Structure formats: C-alpha cells, structure tokens
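A quick write-up on the structure given underneath.
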Amino acid sequence: MNKFDPASKVQNLLQFGEFGDVNPSITDSATYTFMQGKTMSDTFKGETEGCFLYSRHWNPSNKYLSDAMAAMEGTEAGWVTASGMSAITNALMHCLNAGDHVISSMTTYGGTFAFLSNWMKKYNVEVTFVNITNLESVRKAMRPNTKVIYTETVTNPLLQVSDIPELSKIAKSGGARLIVDNTFTPMIVSPARLGADVVVYSMTKFVNGKNDCVAGAICGSNDFIASLIDVNTGTSMLLGPVLDPMRSSSILKNLHTLHIRMQQHGRNAMYLAERFKEIGLKFNYPGMKEHPGHELLKSMMNDGYGFGGMIAIDLGTAERANRVMEIMEQKGVGYLAVSLGYFKTLFSNSGKSTSSEIPEDIQQEMGMSEGLIRFSVGLDNDIERSFRLIAETLEEVGG
Ligand code: PLP
C-alpha cells in the first residue's frame, strides 16, 4: 500500500499572513515595489527568494495555493492557472517543439482531445491516440521524436485507469515526459509519486468543489516550474494565463476540506454503484471489483480517500439518457449540467456535451455509447433517497 498522505501534507504546511492572519492576506496588487534597483534586476532573473515582481509571474496568493498543490502532489513546485485547459495546454506546449510527437490516451476530456487533434496541427505536432490501457500499443506508438505521453489517471468519461508506473517507464525509456491529468482523482492518486513528470489539474472540479470559478494547476519539479515562468522563454509567463489572486485565496480555503469531500463523494458513489449492480444497470465504476482497472487503481491509491465520485452509466440511446436526466433533475437527484466535483450530483450525456469535440466515429471506436451519462456523485447526506429517486426514474422511462 502507498503510504503517502496528501491531506496531511496540505494540513501540515505553515501558511499564514503578514499579521498572523490564519488565512493569508489576499494580494490585491499587479506590481510590487523595490527599495533597490539591484533587487529588482535579480528578481527578473529569478534569483531573489521571497520577492515578487509582477502578478503575471508570481504573486503571494498564487504562491500559497501553488505551494499547497505541490505539497498535495508531493512535487517540488507548482503553478496555478486561470483554467484547467490553460494548465493542460501550457504544460503540453512547454514540453513540445514543432515536429515533435505526442502519444495520448484516446479517452480524454473533449477539450484536451480537440487541442491535441486540431490545434496542435498548426505547429506540426503529430499525435497518436491510443487505448491507454493497452501498454503494448503505447510501446508500439513510441517514435524517436516522441516527447510526451499524455493521459488522465482515470479517464473522462470512460473511467479507464492509466497504469502510471508502467507509462512512466515507457516514457523514460524513450526520453519522453509523462504528463497526467489528475482532475478526477485528487488525493486518491498522487501521479508524480508514481513516476509522472508533470501533473495537471482542472481545479474547477473537485479541488475547489464550489463551482464558483474556473482554475487550473501544474505541478512538477523546481526546474520545470521555473522554466515555465522564465521571463524570456517560459510558456506560462509569455502566454499569461494567470489566476486571479482573489480566486487563489478562495480555492486555498476550499482545498483544506478536499479530503473530507473526496471521502464522501467516494462513499456515495460506491453506494450507488452497489445498488446499480443489484438492479442490473450497465455502468462503470472503478471501485467495483468487476471494473477492469480496479486492481490497478487499488495498487496506485493512497489510503483512505475512496475510489472517487465519478460513475458512468450506459442507457443505450441519447434519447433515453436525456429523458432520464430530465426526470432526475425534476425529482431533485441533482442538476443536468456539465462539470463535476460539486456538492450536488451533476449529470450530462458525454457524447453530446463534454466529449462532443470527439468525432462520432472515434467515440464509437473508444466504446463510448451515445447513451452514456456521466455522473459526478454529490455529497448527498441521504444517498439512499437519491438512489430511490434514480430507480423510480429508470422505471418510469422503461427499457
Ligand atoms: N481535465 C478534465 C479531466 C476535465 O474534465 C476538464 C473539464 O471538464 C478539464 C480538464 C478542463 O478544465 P477547465 O474547464 O477548468 O478548463
């Protein structure tokens, strides 16, 4: 068992403000003063510890949150961004040059898929999409110019489990980096400790958990983060997807309860999965022993955070999925909405929403049914009631 404890790593960080305020003061400044010109020029070169230059580069609020994210991941450093997509695109672009090659899991968040398959073409970066659970196909896809293997720990929306230690070995043997999106499994899995070089997050989801903002994070080595924000060549410094310090401050406060939320999301999802099995529903949940990635996930998990809050159920057709979601919303099971990691259960038909960027033939190839509903199970205090309402809905709609 993996004994890393991300919640304690976050809790044990001593972070307090200039007046002893338990929540560090929010930096409401775009720029910072210096008493000496030399200190300013040293800071420009990244040589002055504890000095801040300009908020697009660093600001104290973003530094607190970045340090907390790095502590959670067990990485040397972190950098927070204005969205999950900016974390993903910046991390990828920083590792790639024109003419390079990327291997990516075919099942990834639709925005990431679109970025890799449509946008990267502009820079002559070739992408091979593979079934990430088939390590042989990953090995075969490696080329001399492969610079990145990209995957999600538990993929969106099919909930396949990536073998991070093995993918890391494949990447290392070919001189490539492994970038892992851990949005679905914060605290549950710590990809950097399993060999990932860079870990990216949409903090919009579980990490913040309040659905009040969009944000992202990149975690990695000191060298990687420093080069990402280098004033001359750093992708994030130059593209500038800086997170607003007000938001950093509120996300940091929400991060302090993430472990408790993950445990409750996981307990509720497990309860629903067990009931879904009893009623013979077709579904995917990596917490169930029938799931093909169950043992692998167990071998990578940190103790005590559960198997996550995401379940995918297959209702066959988009019409049936829509009907079921509409009735579930009317009955109060949750909201028909994209996104995840909220206190309310959220559900959406992936093929027609968050994965609609993926062409239909590829959706079929990856095994994504048009009737797939992605459930982000909420923090329901009465999950038995929620199940009863779901079961009633399914009966009403019929098979
Ligand atoms: N990664 C995953 C797994 C996601 O589900 C999403 C959004 O749904 C993103 C990244 C993109 O994050 P954001 O919407 O914060 O840009």
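Whatever order the structure lists them in is the order used to number ligands and atoms, beginning at 1. Small disclaimer: the values here were computed from a predicted structure and weren't measured.
- Near M85, with a cut-off below 4.0 Å to any heavy atom, the atoms of ligand 1 are 11 (C), 12 (O), 13 (P), 16 (O).
- Closest to atom 2 (C) of ligand 1 among all protein heavy atoms lies D181 OD2, 3.5 Å.
- Comment: K298 engages E295 in a salt bridge, judged by a side-chain N to carboxylate O separation of less than 4.0 angstrom.
- Under 4.0 Å is where a charged nitrogen must lie from a carboxylate oxygen, and between R177 and D197 no such pair does.
- Within the 4.0 Å heavy-atom criterion, neither part of T108 lies near ligand 1.
- Checking only distances, E152 never comes within under 3.5 Å of ligand 1, N or O to N or O.
- Taking distance alone, with nitrogen or oxygen atoms compared against 3.5 Å, G84 approaches ligand 1 more closely than that limit.
- The contact set between ligand 1 and V214, taken as ligand atoms under 4.0 Å from a residue heavy atom, comprises 15 (O).
- Here the options are T235, I225, V199, the test is side chain to side chain contact (heavy atoms under 4.5 Å, CB included), and the partner is I218; only I225 passes.
- Protein heavy atom at the shortest distance from atom 9 (C) of ligand 1 is Y109 CD2, 3.5 Å.
- Ligand 1 has a nitrogen or oxygen under 3.5 angstrom from a nitrogen or oxygen of K205.
- Remark: ligand 1 and N156 share an N or O pair separated by less than 3.5 Å (distance only, no angle test).
- Nearest non-hydrogen protein atom to atom 15 (O) of ligand 1 is T204 OG1, 2.6 Å.
- Side-chain contact of S137 with N131: a donor-acceptor pair under 3.5 Å is absent, judged by distance alone.
- Taking the six-membered ring where the residue is Trp, F347 and F375 present tilted rings, their angle falling between 30° and 60°.
- Between D42 and K38 there is a salt bridge, since at least one side-chain N of the basic residue sits less than 4.0 Å from a carboxylate O of the acidic one.
- In this pair, F387 and Y271 present their aromatic rings perpendicular. The plane angle is above 60°, beyond the 30 to 60° band.
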